[in-house]
There are 2 protein chains.
Amino acid sequence: MATGRTHRPATRSRGIPEATVARLPLYLRALTALSERSVPTVSSEELAAAAGVNSAKLRKDFSYLGSYGTRGVGYDVEYLVYQISRELGLTQDWPIVMVGIGNLGAALANYGGFASRGFRVAALIDADPAMVGKPVAGMPVQHIDDLEKIIDENGVSIGVIATPAGAAQQVCDRLVTAGVTSILNFAPTVLSVPDGVDVRKVDLSIELQILAFHEQRKAGEEAGAAEAVVPPVVRGATAPAEGRKGPDGDMPAVMPA
Amino acid sequence: MATGRTHRPATRSRGIPEATVARLPLYLRALTALSERSVPTVSSEELAAAAGVNSAKLRKDFSYLGSYGTRGVGYDVEYLVYQISRELGLTQDWPIVMVGIGNLGAALANYGGFASRGFRVAALIDADPAMVGKPVAGMPVQHIDDLEKIIDENGVSIGVIATPAGAAQQVCDRLVTAGVTSILNFAPTVLSVPDGVDVRKVDLSIELQILAFHEQRKAGEEAGAAEAVVPPVVRGATAPAEGRKGPDGDMPAVMPA
DNA sequence: ATGTCTTTGTGAACGCGTGCACAAAGATGG
DNA sequence: CCATCTTTGTGCACGCGTTCACAAAGACAT
């Protein structure tokens with residue numbers, strides 16, 4: 001998962017577990033594909049396979065929504081698409097603003113993924129005067145000075161931050177003050193927000209680092225606990241006594257830079 | 001979190017819980033910032049605040065790595081940076097390939113986030129002949145026909161997929177066959193891979209849908225279980241019998257489009 | 001040395017999420 | 001109408017992750 005939650009910790013939202021909510025979009029995508037192929041019904045087994053999850057988990061997830069589905073038959077595809085869409089709030093459309101139209105922001109704006117289902121880009125916003133007015137994804141970039149007005153006039157409650165890390169918290173504060181209560185953050189920073197505001201983050205480098213960890217582990221166990229791979233730079237400071245009890249071997253007491 | 005894991009389920013990797021691994025990059029980032037400000041030591045309380053987590057959790061996370069830290073004082077910033085880097089495998093550098101240099105792929109390639117810490121973009125690859133040879137992020141795009149050769153010659157074990165959904169599984173298969181064992185997937189599809197291959201996914205629209213869910217819930221509870229907010233389209237279809245027991249109200253039986 | 005004060009490291013309890021396994025429900029055929 | 005077969009919905013148990021709360025460890029002053 002390339003995402004991290006920053007949320008009020010234990011709030012089981014109206015009986016639907018957070019883990020289930022996170023999977024609903026997955027089911028919805030699989031169901032939409034089936035719907036386009038005019039498949040009328042689908043079993044939990046088939047749908048689970050398409051969504052890449054366990055069928056028992058899928059059935060339990062659906063049980064939180066209600067008792068849709070017919071024993072001996074399966075689930076009605078169209079009906080389920082609607083139920084999940086409604087549960088996720090996709091039957092209304094959500095105007096969003098995107099702040100920070102650099103490389104990433106522009107790419108996101110051009111990405112069709114939003115508009116398709118329930119989301120509408122109300123405005124693209126940047127702080128650079130040179131960007132203002134330039135069309136991106138068929139829409140002129142607006143200046144951040146107008147942020148509050150734009151949010152207010154369009155009734156925006158969801159904001160996407162794609163600014164550099166340094167500007168993110170400041171932008172976040174302005175969004176929240178202007179009334180935004182959900183934020184998707186692409187900047188590599190921890191945002192702090194008041195209670196009642198949801199933040200989800202997408203962090204490329206974190207994802208890669210997690211992969212690197214597993215990659216290293218795979219390489220390591222295949223080669224036994226091989227020789228010392230990296231003691232390049234020497235550490236001048238006080239040797240950290242002897243008390244270290246790191247799990248693997250013992251620490252090299254050095255920093256590679 | 002804008003990420004979802006697709007992983008062998010219960011493999012506690014060498015004693016370090018998966019949840020902890022996912023937080024290490026966060027700690028590392030906070031520590032690096034402290035290091036740049038030449039802060040020598042930091043307490044679990046301070047660091048936890050900077051990383052946006054609970055201090056007890058942070059201490060427990062670090063306890064899996066070993067007993068770094070001095071009671072009454074805190075943690076040595078430089079030392080901890082090194083230990084975490086080593087644990088994550090960032091003391092070596094990882095060549096990666098990125099497949100699919102469209103809007104998103106190009107933006108990712110330009111994003112400095114990789115190179116900075118342990119990752120090196122070995123090649124940008126696309127299937128479109130018109131793209132081949134064009135420089136993106138100071139590097140010529142190569143054709144996908146050379147995928148296997150590139151992976152082999154550079155010893156690549158991590159791949160990033162930024163292709164359209166339709167091409168993703170196919171690209172994934174080729175990557176895996178060529179020897180890649182970790183994949184970061186930006187395409188909105190579920191990838192299936194053999195055991196031993198790690199996949200992490202970053203999915204924009206899923207993140208937005210999760211936000212929409214919470215947004216809807218907030219709006220709903222603030223207005224009591226108010227009047228029907230959105231019955232714009234009329235549903236003509238067959239009322240689905242009576243047996244439905246959805247939690248809220250009762251089902252509308254149809255899809256708004 | 002001894003005492004005080006700070007902060008770590010962790011035992012223990014709790015809650016959430018997952019998966020098994022099965023009873024109940026309904027379809028289908030005779 | 002009954003038997004059989006399929007598939008849902010869920011009770012239950014288990015394991016992971018989080019959090020509390022505190023003892024132990026060390027720094028620091030006297």
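Here is how names work: the chains are called A, B, and so on, in the same order as the sequence lines, proteins then strands, and each is numbered from 1. All values derive from a computational prediction rather than experimental measurement.
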Next on the checklist: Here's a test of your reading of the structure: between B:Glu45 and A:Asn54, which maps to the more 5' nucleotide of DNA chain C?
Outcome noted: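 Its nearest nucleotide being more 5', the pick is B:Glu45.
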Is it true that a side-chain atom of [X] and a backbone atom of [Y] form a donor plus acceptor pair closer than 3.5 Å?
X: A:Thr32; Y: A:Leu28; answer: yes
X: B:Trp94; Y: A:Gln209; answer: no
X: A:Gln92; Y: A:Arg86; answer: no

Nucleotide [N], atom [atom2] - distance to [atom1] of [X] in whole Å:
X: A:Asp61; N: C:dG17; atom1: CG; atom2: P; result: 10 Å
X: B:Asp76; N: C:dT7; atom1: CG; atom2: P; result: 16 Å
X: B:Tyr64; N: D:dC16; atom1: OH; atom2: P; result: 10 Å
X: B:Glu18; N: D:dG15; atom1: CD; atom2: P; result: 19 Å
X: A:Leu58; N: D:dT8; atom1: CG; atom2: P; result: 9 Å
X: A:Leu65; N: D:dT8; atom1: CG; atom2: P; result: 15 Å
X: B:Lys57; N: C:dG9; atom1: NZ; atom2: P; result: 18 Å

Can you tell me if [X] touches the phosphate of [N], counting only side-chain N or O atoms and a distance under 4.0 Å to OP1 or OP2?
X: B:Ser67; N: C:dG9; answer: yes
X: B:Tyr75; N: C:dG9; answer: yes
X: A:Ser44; N: D:dT7; answer: no

Checklist entry - Base, sugar-phosphate, or nothing for B:Phe62, non-hydrogen atoms under 4.0 angstrom? => result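 No contact.
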Next on the checklist: Is it the case that the base of D:dT19 and the side chain of B:Lys60 share a donor-acceptor contact (distance under 3.5 Å, atom types as modelled)?
Outcome noted: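 Side chain to base: pair present.
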Next on the checklist: My understanding is that only one of A:Val202, A:Asp203, A:Leu204 makes a side chain to side chain contact (heavy atoms under 4.5 Å, CB included) with A:Phe186; could you say which?
Outcome noted: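 In the set A:Val202, A:Asp203, A:Leu204, the residue that makes a side chain to side chain contact (heavy atoms under 4.5 Å, CB included) with A:Phe186 is A:Val202.
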Item to check | Closest non-hydrogen atom pair between B:Ala51 and A:Val190, with its separation | outcome: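 Taking B:Ala51 first and A:Val190 second, the nearest heavy atoms are O-CG2, 3.6 Å.
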Next on the checklist: Which residue is it: A:Tyr82, A:Phe62, A:Tyr68? I am looking for the one with a ring-ring contact (aromatic ring centres under 6.0 Å, His included) to A:Tyr75.
Outcome noted: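 The ring-ring contact (aromatic ring centres under 6.0 Å, His included) with A:Tyr75 is passed solely by A:Phe62 among A:Tyr82, A:Phe62, A:Tyr68.
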Checklist entry - With the sugar-phosphate defined as primed atoms, P, OP1 and OP2, and the base as all remaining atoms, what B/S/- string results for nucleotides 21-30 of chain C, 5' to 3', for protein heavy atoms under 4.0 Å? => result B--BBSS---
Item to check | side chain to side chain donor-acceptor pair (under 3.5 Å) evaluation trace for B:Thr181 with A:Glu215 | outcome: CA-CA 7 Å; B:Thr181 48; A:Glu215 202 55 43; 2.4 Å; yes
